[in-house]
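Lettering of chains follows the sequences in order, A, B, ..., and the numbering in each one begins at 1.
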Amino acid sequence: MLVGVDWAGVAQQVVAGLSSGGTYATLAVALVLIYRATGVVNFAQGELAMFSTFVAWTLTRHGFAYWPAFLVTVLASFAGGIALERAVIRPVERASVLTIAIVTIGLFFIVNGAAFWIWSPEVKSMPNAFSTRPIRIGGVAFAISDLGIIGVSLLAVLLLWLFFRFTKLGLAMRAAALNPESSRLTGIRVSWTIALGWGLATALGAVAGLMAAPPLGSFDQNFMQPILLYAFAGAVLGGIDSALGAVIGSLALGVFLNLLGTYVSWVGTDLRQAAALAVILGVLLVRPAGLFGKLAVRRV
Amino acid sequence: MPLLELRGVTARYGALRALQGVDLSVDEGEIVAVLGANGAGKTTTLRAISATVKTSGEVVFAGKRLPRRPEAVARARIAHVPEGRGTFMQLSVDENLRLGAHVRRDRVGIKADYDRALERFPILAERLGQAAGTLSGGEQQQLALARALMQRPRLLLLDEPSLGLAPRVVADFYAGVRELNEREGMSVLVVEQNASLALASSSRAYVLEVGRVAVAGTSPELQRHESVRRSYLGY
Amino acid sequence: MNRVLRIAGGVAFAAAAVALVLVLPHWLSDAKAAEFARAGCFFIAIIGLNLVTGYTGQISLGHGALMAVGAYTTAILTADHGLRDLWTIPLAGLVAMAAGFALGLPARRLSGLYLALATFAFAVAMPALLKRFSGLTGGSQGINLFDEALSRSTGALGHVHLAGWTLATNDFLYYLTWGIGLVLSGAAWLLVRGRLGRAFRAVRDSEVAAASSGINISFYKTLAFAISGFYAGVGGSLFVLVSNWFVSPSTFTFDKSLLLVVGAVVGGLGSLAGMALGALFIQFVPTWAANLSSAPGAPSVFFGTAIVLVMILLPGGLGGFLLKLTEPLTRRLYTRSE
């Protein structure tokens, strides 16, 4: 018997969960992009998103409205991502995956520190992207901002998918990620496709950061770190080599976390991360390559 | 003036020297074969041309020194079908073909070549949406050749196309290459372990031994050549 | 002849290392000795991490949490069960070994990133778990042996009397950590040279080939994690001592795990001398960076830059660089013997 279940409340929590899941998904796709191009998880992905968000924050303090600042920041992040790849990743392009991973950890410290250096440690707040009014659908009140965030996140991912699926450059980038050697013989400038991947990932990160920051009310330079954790978990849950998997994994994680936080009081805020990771681990033990990932065929 | 000329080309993998001063040329409209035992440097010769190995010496193509980056070599219209064919297994047949034309900008020409490729290899037309990895060995070989042709190459480099294929399929493949050469004047440099097949299909040939050209000549000459016959043709 | 020379070289290297460790405190201030002692703890944990990452190719983001297990074992046993702190060190190693074994279990099924996530989860969960089970761990207050078990905290009063000698506490801790570190690195060296090391390397280089030559992959992966856990536990246990006999959940946040990975790779995976350099790197570079500028965030920028620069300039890590420097010498030795 399900007497006493407040279904409207559940629906609200699910939408709120999809909203945070949407930001995880955007960042998760950024992680997948770089993972497929270079074989590493970019530990600095969240910090780059944070840095982009602070750039946008500065713009809003200098007379920009939210959306113009959003647009400028996303474009600047794209360029910044490319520049960063050329500066620090290209020199280790041929080194081991572990070496590249450590470089991204170094970047994590640099970007985080630089943000504290430039913007001082006080907390910041940002204007809202969407109206904070609730909207009633079928007798249930949803927050417009939640729906807006879900929409923007999915739109960003969709645009990226269209780019990869239907453009020559997108095809070249996929080919370069799958088979760099053969791609070079085909005339693809593989090294540049990696830089481009960093640019796109950084731009996506900017979208994630700019969706995540306003609802927090106030945020500081560390606000993206838990989001990176969830994005990583969502990506691995879905299968790190599948962008679609990363999106679904992240959305599912967002909903799960929200329901867990609302309805299971024992867990509390401290253990929420741990509980989420434990559940993911359980899933991975059953499906070692994630929900949608392909397990490399191994004959033993 | 030859289309492609290698002058004193050496190549190394780390400390190992795989080529030690190779001179070789391909004229416009020629099929040239490179023969030799395992480890003689056949594959390395092709890799030296497409700059996928470190080289010294001169590689001249159409009167100009070739840049030493594979993507630039591809842009000079040299199509290299490497060992293992270099197919993008996870991508569809259609995507593989379109990747072949990556260096080209002429939309109309690309479309025409795409249609011609499907006409030439009807089986590929049936499998356009399928992942290339699901094709049979013979079909993959066709796809590799079709992909190379999408580049509209001035020179085609083929690395052991017969490897792992049934004799019937190999014969068809070489017939196709000869036809391309006769009808369209395409220049081909083919590396082959199967010497009798390669000599029958080419106009000139080089025999490599431990990274050097040991014998060179027209294919009929080499078919009669005493030591070539004994070492590579087995009669 | 070669073999003899190699062993002689190893012995000479070990002797030089021991000599260096012995005489170093003469030039160190008390505060510096304490910092070196901390580096010693990292050194031990990194040797453990190296067994997993360097020799079996499994990335672990959870070694900070394994240190925490060792640290809390020492703190709880000393505070609540009347043991002297020093005697808890091997016990801490064993408890963390069990934890490492448990952490290694998913390694049987997972590899690569998925395993990294599992260890990551462990690292992230640790502080929260420590706070949750406050009855045992003292919650977010942590455990302060200085207050709770002063008489069982060796040297907490500033001096240690040992067989007629009197040592300043920080010198004692320095000798203790690096002494244990040297012994354990010797043990690791013997381990990786033998049968076990071959099996570990086979798993790293090719799981498929290892399996087909009859090596039980999941057993060796789990074993590597267990042994590695022992090292991390000992490092964590000593970390309590060098942190003024105090431990709390914030001592072992995820940063510690990340730092250990940085130390292992910057030091150069697979080389024991590199491990020591890696430990010194993660102990001293942040301090050095903090001295460079006190602006908020600046030290972090310098530390990150140092990591990136080392990786770009010395892809083999500091240890790899060291090896390159000494290579001409060893090559000369070899040629003479032939």
* Under 4.5 Å from a heavy atom of chain A, the part of B:R104 involved -> backbone
* Asked: Do the side-chain N and O atoms of A:Y35 and A:Q45 include a donor-acceptor pair separated by under 3.5 angstrom?
  -> no
* Asked: Side chain of B:Q142, backbone of B:E139: donor and acceptor closer than 3.5 Å?
  -> no
* To do: Check for a donor-acceptor pair, side chain of B:S202 on one end and backbone N or O of B:A205 on the other, with a separation under 3.5 Å.
  => no
* Asked: Could you walk me through whether B:R85 and B:E160 pass the salt bridge (charged side-chain N to carboxylate O under 4.0 Å, His left out) check?
  -> CA-CA 9 Å; B:R85 305 186 193 107; B:E160 301 226 17; over 6 Å; no
* Give the member of A:R184, A:E181, A:K168 that has the highest number of heavy-atom pairs under 4.5 Å with chain B. => A:R184
* Under 3.5 Å donor-acceptor, B:Q141 side chain and B:P161 backbone -> yes
* chain B contacts, top residue of A:S183, A:A175, A:A172 (heavy-atom pairs, under 4.5 Å) -> A:A175
* Asked: Given that the side chain runs from C-beta out, which part of B:R147 has a heavy atom under 4.5 Å from chain A: side chain, backbone, both or neither?
  -> side chain
* Asked: When you look at CZ of B:R127, are more than 12 heavy atoms from neighbouring residues, nucleotides or ligands closer to it than 6.0 Å?
  -> yes
* A:L178 versus chain B, heavy atoms under 4.5 Å apart: side chain, backbone, both or neither? -> side chain
* Structure fact -> In terms of heavy-atom pairs under 4.5 Å with chain A, the winner among B:S50, B:A76, B:P70 is B:P70
* Atom group of B:A101 that falls short of 4.5 Å from chain A, counting heavy atoms -> backbone
